[in-house]
Each structure stands twice: as structure tokens, then as C-alpha cells.
Trainee: 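Mind looking over this structure? Questions follow.
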There are 2 protein chains.
Amino acid sequence: MSEKKRGNTSLQQMMESFEEACRSADLKLTHQRLEIYRELATATDHPCAETLHRRLLKHMPTLSLDTVYRTLATFAQHHLVKKVQTVDSQARFEAEMSQHHHVICDSCKEIMDFQWGSFDAFSVPGDIEQWGSITNKNVTIHGTCRKCQATQQEVKQT
Amino acid sequence: MSEKKRGNTSLQQMMESFEEACRSADLKLTHQRLEIYRELATATDHPCAETLHRRLLKHMPTLSLDTVYRTLATFAQHHLVKKVQTVDSQARFEAEMSQHHHVICDSCKEIMDFQWGSFDAFSVPGDIEQWGSITNKNVTIHGTCRKCQATQQEVKQT
DNA sequence: ACCTCTTTAAGAATAATTCTTATTTACATA
DNA sequence: TATGTAAATAAGAATTATTCTTAAAGAGGT
């Protein structure tokens with residue numbers, strides 16, 4: 001029950017297909033790579049490299065921040081993780097590779113995944129099909145989450 | 001005819017409402033602000049601060065890059081321009097504030113605006129309405145534009 | 001024209017990310 | 001199971017993108 005909500009793919013399944021993908025891409029299965037991937041796969045937020053590094057340091061005290069950056073870049077090249085697009089300067093990452101969308105709280109910067117099947121089934125405007133070849137289409141919703149709404153309300157009352 | 005395609009708002013109208021907005025926000029109408037805004041408003045791409053700076057230097061040789069950054073940040077705070085969300089490290093900006101969406105070429109990084117009225121009319125999944133208050137929802141399409149498809153084809157043939 | 005507060009230019013500083021190099025490690029092969 | 005070799009890592013230097021500090025210049029009210 002304390003497992004992360006994630007479609008119906010278990011962590012173990014993710015780790016297995018990750019290892020498989022590394023082998024077929026000739027990426028060596030180092031301790032660092034396995035741990036960085038596992039940390040991201042179990043994260044419920046969409047952490048930046050620094051956050052991941054901080055979390056991993058607890059069990060890998062010599063892990064360098066550079067390795068986290070380098071490894072995430074390698075994973076992204078091989079489509080094992082995704083860089084999330086944001087307006088902030090620090091890049092954030094996710095291991096969830098299946099089709100989904102993001103809601104971002106502009107106040108606390110929390111990012112949440114959601115599914116939107118009826119949007120996915122929608123076809124894009126005709127003029128866009130002329131533009132080139134499309135690899136994916138995603139929705140980003142911006143707003144203020146309930147938690148932050150409550151906090152801001154308190155501030156007003158002060 | 002050589003005018004930028006832009007809904008049906010002319011540059012002159014944009015400049016006027018920009019000046020109006022500055023006055024009511026107590027932002028002084030400096031030469032730098034006017035020129036930076038005009039340059040962004042007439043740009044058909046979605047330039048980063050450095051690109052804007054480079055373009056403006058031709059007519060304002062002493063304009064500092066810091067002023068471009070600072071001014072764009074001020075404008076964004078006052079909702080006069082928007083920071084575009086991308087996966088790249090350099091922030092990119094646009095003056096177009098009306099509802100629209102983006103197609104991004106992953107190869108040349110070109111960003112194009114498009115309208116999608118039927119999507120705008122769509123309401124978001126029910127669970128998202130629970131999440132908090134939504135200020136906007138936007139689509140980003142990723143892919144490869146025709147120009148880059150052609151280039152990559154050439155490379156393959158070499 | 002003058003005062004006051006804001007804005008700017010220049011360069012220093014900071015933040016985020018990447019590079020360089022010596023060392024270590026994975027893993028294919030003996 | 002030991003060994004060679006290319007790939008990966010740690011550490012710290014370097015780079016890139018952005019922001020801060022400070023003195024001078026400018027906007028806009030009087």
C-alpha cells in the first residue's frame with residue numbers, strides 16, 4: 001500500500017526493463033546508474049539533479065553531483081528518463097515514460113502527473129500536420145494547488 | 001504585407017497598450033524598455049535574452065545584457081511578456097499574451113505558435129479540478145519541422 | 001530647470017551545468 | 001577465476017546563464 005502510484009508498472013518491473021535497456025544500449029550497469037534510476041523511479045515529485053543527489057548521498061556518500069547530471073543526461077538520450085519542461089532554471093526529471101500530462105503549482109512548483117485519454121485521442125489542428133512530423137503532444141496546466149491556496153489565505157488574514 | 005502575423009493586433013496597438021500598462025504599473029517608460037518590448041513584439045521566433053540583446057545592440061550599442069534580463073523579468077512579473085517553458089537551459093520569451101499553444105522542433109529548437117480553439121473549449125479531467133485553481137492550460141507539441149526533416153534526409157544520403 | 005526616485009551600465013558574483021583528468025570499475029575474454 | 005580494456009566515476013576546475021552591487025544617468029512630477 002505504501003507503494004508509489006504508477007500506472008500498473010511495479011518498481012521491480014521498471015528496474016528490470018531499465019537493466020535490459022542499458023544492456024542493449026551498451027550502458028554499463030554501475031551501482032551509481034542503478035541507484036540514480038531507482039531513486040528517480042520511486043520519487044513521487046519531479047526532482048532536480050541536486051535534490052536527487054542530496055537524497056542519494058545518504059546511502060552513497062561519495063556520489064558526485066556531476067555523476068548525477070551526467071547520468072541523467074545519458075538516460076535522457078536513451079529515453080530512459082525525461083527532462084520535464086518548466087519555466088525555472090533548474091531542470092527537473094521523471095522516470096515515467098508513458099503518455100501523461102502535468103499540472104504545475106506556480107506557487108510551490110510541485111508537479112503532478114495526470115492522464116487525459118480523451119485529449120490523447122484528439123487529433124491536432126490541420127495546419128500543424130503540415131508543420132513536420134509530430135512525436136508527442138502534451139498538456140501543461142498551471143495554477144495554484146489547494147495547499148498553497150490555503151497558505152495564501154492565511155497570509156491574507158494576518 | 002511584411003508585417004508579422006499576429007491575431008489581429010497591430011504592433012502599434014501592442015505598443016500603446018504596453019505604454020498604458022507601464023503607466024498604471026508605475027514603470028517608467030525608458031528608451032530601453034520600449035525598445036526591448038518592441039523587439040520582442042516584432043520577433044517571429046521566441047528569442048532568448050541573449051538573442052534579443054544581440055539584435056538590439058545594432059541600434060543601442062551600450063545596452064547591457066543585464067538590462068535585457070532585468071527588463072524581461074520585470075515585464076513578466078507584470079504580465080506584459082511570458083517566459084516560454086522549454087527543456088533547454090536558456091529561457092525564451094514572447095510578447096504574445098493571448099491564449100495559444102506551441103510546436104517545438106526538437107532539432108532546430110524553433111518554436112511556433114498555433115491556435116486550438118476546440119482544445120481551449122475542452123474541460124479538464126474531473127480529478128484535476130480538485131487539485132486547486134487553474135489559471136491556464138496549454139499544449140506543447142514536439143517533433144521535427146519540415147526544414148530539419150529535409151536536412152536530416154540529406155545527411156542520411158551522404 | 002530641479003528634485004527625487006527609478007533605472008541603467010559595468011563589472012563582480014552566483015547558480016546551474018559541464019568539462020578535464022586521474023583513478024576505478026564493469027564485463028568480455030582468456 | 002584472473003586479466004585487459006574501454007567506459008564510467010570523483011574531484012575540482014571551467015563554462016554558461018543569470019543576478020547582484022554600485023555609481024551614474026534619466027524619467028516624470030513640481
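Quantities reported herein were computed from a predicted structural model and do not represent experimental measurements. Chain identifiers are assigned alphabetically (A, B, ...) following the order of the sequence lines, protein sequences preceding nucleic acid strands; residue numbering begins at 1 within each chain.
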Trainee: Mind checking B:R70 for me? I need base, sugar-phosphate or nothing, with any heavy atom below 4.0 Å counting as a touch.
Mentor: base
Trainee: Could you give the CG-to-C1' distance, from A:L65 to C:dA15, as a whole number of Å?
Mentor: 11 Å
Trainee: Taking B:I141 as the fixed residue, which of A:T135, A:I128, A:N136 is the one that meets the side-chain contact (heavy atoms from CB on, under 4.5 Å) rule?
Mentor: A:I128
Trainee: Could you check whether any side-chain N or O of A:D45 sits under 3.5 Å from a backbone N or O of A:E110, counting only pairs where one atom can act as donor and the other as acceptor?
Mentor: no
Trainee: Taking atom P of D:dT16 as reference, at what distance in whole Å does atom CD of B:Q90 sit?
Mentor: 11 Å
Trainee: Is there a side-chain contact between A:Q32 and the phosphate of D:dA10, meaning an N or O under 4.0 Å from OP1 or OP2?
Mentor: yes
Trainee: What is the distance, to the nearest angstrom, from the NE2 atom on B:H53 to the P atom on C:dT8?
Mentor: 13 Å
Trainee: In whole Å, what is the span from the CD atom of B:Q77 to the P atom of C:dT7?
Mentor: 11 Å
Trainee: Rounding to a whole Å, what distance do you find between B:Y69:OH and D:dA17:P?
Mentor: 7 Å
Trainee: Taking the minimum atom-to-atom distance to the side chain of A:K28, which one of D:dA7, D:dT18, C:dT6 wins?
Mentor: D:dA7
Trainee: Which residue lies toward the 5' end of DNA chain C, B:S89 or B:D26, if each is placed at its nearest nucleotide?
Mentor: B:D26
Trainee: Starting from P on D:dA7, measure out to CZ on A:R33 and report it in whole angstrom.
Mentor: 11 Å
Trainee: Base, sugar-phosphate, or nothing for A:A49, non-hydrogen atoms under 4.0 angstrom?
Mentor: nothing
Trainee: As a test of understanding, state which of A:R55, A:E39, A:Q32, A:H53 forms a side-chain contact (heavy atoms from CB on, under 4.5 Å) with A:M60.
Mentor: A:Q32
Trainee: Rounded to whole angstroms, how far apart are CZ on A:F75 and P on D:dT9?
Mentor: 8 Å
Trainee: For B:M60 and C:dT8, what is the distance between atoms CE and P respectively, to the nearest whole Å?
Mentor: 9 Å
Trainee: For B:E19 and B:E16, indicate whether the former's side chain and the latter's backbone hold a donor-acceptor pair under 3.5 Å.
Mentor: no
Trainee: Tell me which nucleotide among D:dT19, C:dC19, D:dT9 gets nearest to the side chain of B:D66.
Mentor: D:dT19
Trainee: Please report the shortest heavy-atom distance between A:L57 and A:L63, naming the atom on each side.
Mentor: CD2-O, 3.6 Å
Trainee: How do B:L27 and B:K83 order along DNA chain D: which one's closest nucleotide is nearer the 5' end?
Mentor: B:K83
Trainee: Report yes if at least one side-chain N or O of A:T30 is closer than 4.0 Å to OP1 or OP2 of C:dT25; otherwise report no.
Mentor: no
